[in-house]
Protein chains: 2
Amino acid sequence: MNLKELATRLGLSPTTVSRALNGYPEVNEATRERVVAAAKRHNYHPNTRAIRLATGRAMAVGHVIPIATRHEIVNPVFADFIAGAGETYSRNDYDMVLSVVPDDDEEKTYRGLKSKGNVDGVIVHAPRMKDPRIPLLREIGLPFVVHGRATGTAEPYCWLDVNNRRAFQRATEFLLDLGHVRIGLVNGLEFMDFAIRRRTGYVDALSARGIAPDPALMASGEMTEIAGFRSAQAMLALPDPATAILASSMISGMGVRRAVESAGLVVGRDVSIIIHDDDLSYMKNGEDVPIFTATRSSVREAGRLAAEMLLGVIAHPDSGPQQRLLEAELIIGQSTGPALKN
Amino acid sequence: MNLKELATRLGLSPTTVSRALNGYPEVNEATRERVVAAAKRHNYHPNTRAIRLATGRAMAVGHVIPIATRHEIVNPVFADFIAGAGETYSRNDYDMVLSVVPDDDEEKTYRGLKSKGNVDGVIVHAPRMKDPRIPLLREIGLPFVVHGRATGTAEPYCWLDVNNRRAFQRATEFLLDLGHVRIGLVNGLEFMDFAIRRRTGYVDALSARGIAPDPALMASGEMTEIAGFRSAQAMLALPDPATAILASSMISGMGVRRAVESAGLVVGRDVSIIIHDDDLSYMKNGEDVPIFTATRSSVREAGRLAAEMLLGVIAHPDSGPQQRLLEAELIIGQSTGPALKN
DNA sequence: TCAGCCATCCAAAGCGGTTTGAAGCGATTC
DNA sequence: GAATCGCTTCAAACCGCTTTGGATGGCTGA
């Protein structure tokens with residue numbers, strides 16, 4: 001059943017039927033009701049491909065996922081962000097198209113997306129310092145929103161980010177207030193923008209109390225369990241070991257916890273742990289009482305909001321670059337406690 | 001730059017240019033080269049929306065992700081599967097479109113995808129027993145491939161699955177051979193088809209050795225760290241406690257490990273653990289030496305293969321239902337050892 | 001009464017490709 | 001020399017919708 005058939009059946013022109021269904025004013029209310037009823041009765045759904053060609057809009061948003069040789073973006077955090085963004089798209093009748101491409105094809109992919117007209121805009125994931133995708137997208141004129149920020153980019157652009165610096169600053173201050181001095185940081189890879197900001201927050205908090213950051217207490221790597229384990233193990237084995245550790249994710253936090261426990265120490269008593277909790281739906285930080293004390297910010301919610309921002313930018317291309325900074329909450333769990341006097 | 005402009009510039013008709021670029025035989029080789037060169041020079045890319053309307057194909061594959069109220073499908077395993085499938089689509093110039101919808105809209109979504117012509121086929125995720133999506137998709141005539149199988153579905157359909165029964169049977173036999181008798185199963189939710197099959201394999205292996213399955217040693221729940229922890233904790237607290245535990249994923253296995261360690265026991269000596277390892281890219285089971293003994297099967301590779309199968313079905317709709325069963329390998333890690341005599 | 005004005009509807013021209021049917025033309029065949 | 005054939009190329013229809021630019025006719029107001 002297509003528009004023409006439906007129109008014939010109703011004894012109307014395709015024009016009128018189209019207008020009736022799309023809510024245009026120049027159609028008699030009685031006619032509209034008749035059309036709407038017939039459309040429902042015959043289970044008519046306009047063909048998306050035709051709409052797209054006729055309107056010149058793709059009604060779709062792209063997410064480009066590089067199959068990285070050096071760093072995996074396909075991680076649990078990404079999945080939850082996508083889920084959140086997808087909710088927004090569904091509600092707005094947009095499609096979400098994911099392009100999984102070898103990372104040296106990334107630029108070609110963005111250019112293709114634009115020139116072939118597959119999408120109306122894209123979300124940029126996991127920005128790095130001076131991320132080249134930002135000038136690229138501006139150059140080719142494809143609307144975009146960055147999830148995170150890219151330090152070192154001069155021109156303004158649309159982004160939505162968590163205040164990572166402030167979150168880690170607060171977490172560090174919290175540990176300092178508990179009397180901890182030897183505080184370790186198990187960070188993500190420090191070419192990622194968020195990791196840089198987190199370290200800044202951590203260092204700032206220490207410096208404000210006159211504590212010089214100790215390189216031995218600052219690790220950086222993939223946010224995996226095993227990496228968390230190893231980094232924490234090293235920090236606990238120091239002559240002057242860490243008594244508290246900040247971990248960059250739930251998963252690396254689990255590695256840190258394993259290191260603490262396998263050193264015969266008790267989490268929350270001998271060693272405090274604070275993680276960053278993305279509030280992943282399948283990886284809750286406890287149910288009622290959080291297991292870990294954490295800086296929490298829902299990445300799924302971030303996905304929803306970033307998608308909304310992008311749809312806004314697509315609808316109003318010259319409304320100027322929008323920006324939004326979300327604050328993480330500091331939630332107190334069972335993994336932190338006062339530093340032991342000795 | 002569109003086809004007509006390019007044709008005008010070349011002094012040719014759009015027909016010839018289109019054919020030249022699409023490799024049709026009825027065009028002079030010299031002309032074709034001229035056209036191809038001009039297309040590259042002017043950076044011409046045919047408009048996807050126009051191609052889709054003209055050919056009647058969507059050149060896209062759908063993945064419907066229900067925002068489940070009762071069960072989360074958006075999990076790490078799903079993310080890796082998607083990444084694998086996406087690789088295949090990119091190589092074949094197909095788009096991957098994800099629909100994130102409330103779970104009571106799932107049927108409506110599939111029907112819409114078909115009648116609006118957004119996709120040429122779909123992948124069905126996380127099948128349950130007698131999964132209603134299979135008859136639905138058959139009814140509306142939308143090509144599909146199921147990742148997994150749905151026990152209780154009479155008619156044949158396309159699927160790609162891991163031999164879950166055999167994998168868990170072998171794992172159980174391996175533990176039995178090591179002298180374990182009290183073997184626990186920390187399973188996924190048992191309305192999921194894969195979980196049923198795993199339990200069957202486990203029970204079969206025990207029965208073959210004359211061991212009656214003990215309900216106290218069989219848990220079922222979400223595959224989270226905390227659920228794994230709790231189930232294992234209960235099994236270790238029994239009067240006749242488990243000396244070995246099968247866990248359904250890396251994450252629940254981490255919970256099991258924590259339960260073992262926090263009971264003051266040593267993994268691989270006091271208690272053996274075998275997990276199912278989906279070989280997730282960001283959650284490796286060790287680097288050279290696996291941490292866990294595991295039944296391993298790459299879910300990413302499964303994604304690639306399922307996507308290939310679907311593209312095949314789309315290209316040859318009446319080639320009959322294809323089916324493929326992948327075997328998991330049993331890899332020996334550091335989490336298993338002989339049962340202690342006492 | 002008649003021009004002017006809404007309210008309502010329609011024909012036709014896109015959107016940018018693919019594909020069908022036919023035509024031009026030099027070479028071959030009879 | 002005419003008919004035939006193959007190789008190239010093209011004009012036009014088509015995919016299914018949106019949207020522009022009328023057309024129609026009843027109603028209002030002078």
Side-chain angles (χ1 to χ4, degrees), chain A residues 1-36 38-39 42-60 93-95 112-120 315, chain B residues 1-36 38-39 42-60 93-95 112-120 315:
Chain A
M1 175 61 61
N2 61 21
L3 184 63
K4 205 198 292 185
E5 284 171 41
L6 184 63
T8 310
R9 223 176 273 263
L10 281 162
L12 289 170
S13 75
T15 309
T16 304
V17 176
S18 169
R19 284 183 165 152
L21 294 173
N22 290 311
Y24 282 78
E26 56 270 85
V27 46
N28 187 296
E29 217 32 65
T31 309
R32 186 195 308 281
E33 280 164 24
R34 208 157 63 84
V35 170
V36 169
H42 294 97
N43 192 34
Y44 167 72
H45 292 275
N47 184 298
T48 307
R49 298 190 294 265
I51 293 179
R52 288 174 173 165
L53 180 57
T55 59
R57 295 176 306 169
M59 296 302 288
D93 281 314
Y94 266 72
D95 274 356
L113 246 27
K114 169 69 180 185
S115 57
K116 296 192 289 185
N118 293 36
V119 302
D120 296 321
Chain B
M1 174 63 61
N2 61 22
L3 183 64
K4 204 197 292 186
E5 284 172 42
L6 185 63
T8 310
R9 222 176 274 264
L10 281 161
L12 288 170
S13 74
T15 309
T16 304
V17 175
S18 169
R19 284 183 164 151
L21 294 174
N22 289 311
Y24 283 78
E26 57 271 83
V27 45
N28 187 296
E29 219 29 67
T31 309
R32 186 195 307 282
E33 279 164 24
R34 208 158 63 85
V35 171
V36 169
H42 294 97
N43 193 32
Y44 167 72
H45 293 274
N47 184 298
T48 306
R49 298 190 293 265
I51 293 179
R52 287 174 173 164
L53 179 58
T55 60
R57 294 177 306 171
M59 296 302 287
D93 281 315
Y94 266 71
D95 274 356
L113 245 28
K114 168 70 180 185
S115 57
K116 297 192 288 186
N118 293 36
V119 302
D120 296 320

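Residue numbers start from 1 in every chain, and the chains themselves are labelled A, B, ... in the order their sequence lines are given, proteins ahead of strands. In what follows, every heavy atom counts, from backbone to side chain, and hydrogens, waters and symmetry copies are set aside.
Comparing A/P46 and B/S13 along DNA chain D, the residue whose closest nucleotide (by nearest heavy atom) sits nearer the 5' end is B/S13. Comparing A/P25 and A/P14, the nucleotide of DNA chain C nearest to each residue sits closer to the 5' end for A/P25. Nucleotides of DNA chain C nearest to B/T15 and A/E29 differ in position, and the one nearer the 5' end is that of A/E29.
The nearest pair of heavy atoms linking A/R32 to A/G23 is NH1-CA, 3.3 Å. Minimum interatomic distance between B/Y94 and B/D120 (heavy atoms only, all atoms of both residues): CE2-OD2, 3.7 Å. Shown here for B/L21 and B/A39, the closest heavy-atom pair between the two residues is CD2-CB, 3.9 Å.
The distance from atom CG of A/L10 to atom NE2 of A/H42, rounded to the nearest 0.5 Å, is 8.0 Å. To the nearest 0.5 Å, atoms CG (B/L53) and CD1 (A/I51) are separated by 11.0 Å. If you take CG on A/L12 and OG on A/S18, they are separated by 12.0 Å, rounding to the nearest 0.5 Å.
Within a 6.0 Å sphere centred on CZ of B/R57, heavy atoms belonging to other residues, nucleotides or ligands number 12 at most.
Residue B/L6 contributes atom CG, which lies 13 Å from atom C1' of C/dG16 at whole-angstrom precision. One can place CG of B/L3 at 17 Å from P of C/dG14, the figure rounded to the nearest angstrom. Between B/R19 atom CZ and C/dT18 atom P there is a gap of 11 Å when expressed in whole angstrom units.
OP1 or OP2 of C/dT18 lies within a sub-4.0 Å distance of a side-chain N or O belonging to B/S18.
The pair B/R52-B/D95 meets the salt-bridge criterion, with a side-chain N (NZ, NE, NH1 or NH2) lying under 4.0 Å from an Asp/Glu carboxylate O.
A donor-acceptor pair is defined here as one N or O able to donate and one able to accept, closer than 3.5 Å; such a pair exists between the side chain of A/T48 and the backbone of B/K116. For the pair B/N28 (side chain) and B/A30 (backbone), a donor-acceptor distance under 3.5 Å is present. Between the A/N118 side chain and the A/L113 main chain, no donor and acceptor come within less than 3.5 Å of each other.
Nucleotides of DNA chain D that come within less than 4.0 Å of any heavy atom of chain B span, from the 5' end to the 3' end, D/dT8 to D/dG16.
Residue contacts shown for A/G11 are limited to sugar-phosphate atoms, with no base heavy atom under 4.0 Å away.
Using a 4.0 Å cut-off on heavy atoms, the residues of residues 47-58 of chain A that approach DNA chain D are A/N47, A/A50, A/I51, A/A54, A/T55, listed by number.
For the helix from C/dT1-D/dA30 to C/dC30-D/dG1, the end axes, each set by the C1' atoms of five terminal pairs, are bent relative to each other by 60° (nearest 10°).
In this structure, the nucleotide among C/dT19, C/dG17, C/dC9 sitting nearest to the side chain of B/Y24 is C/dT19.
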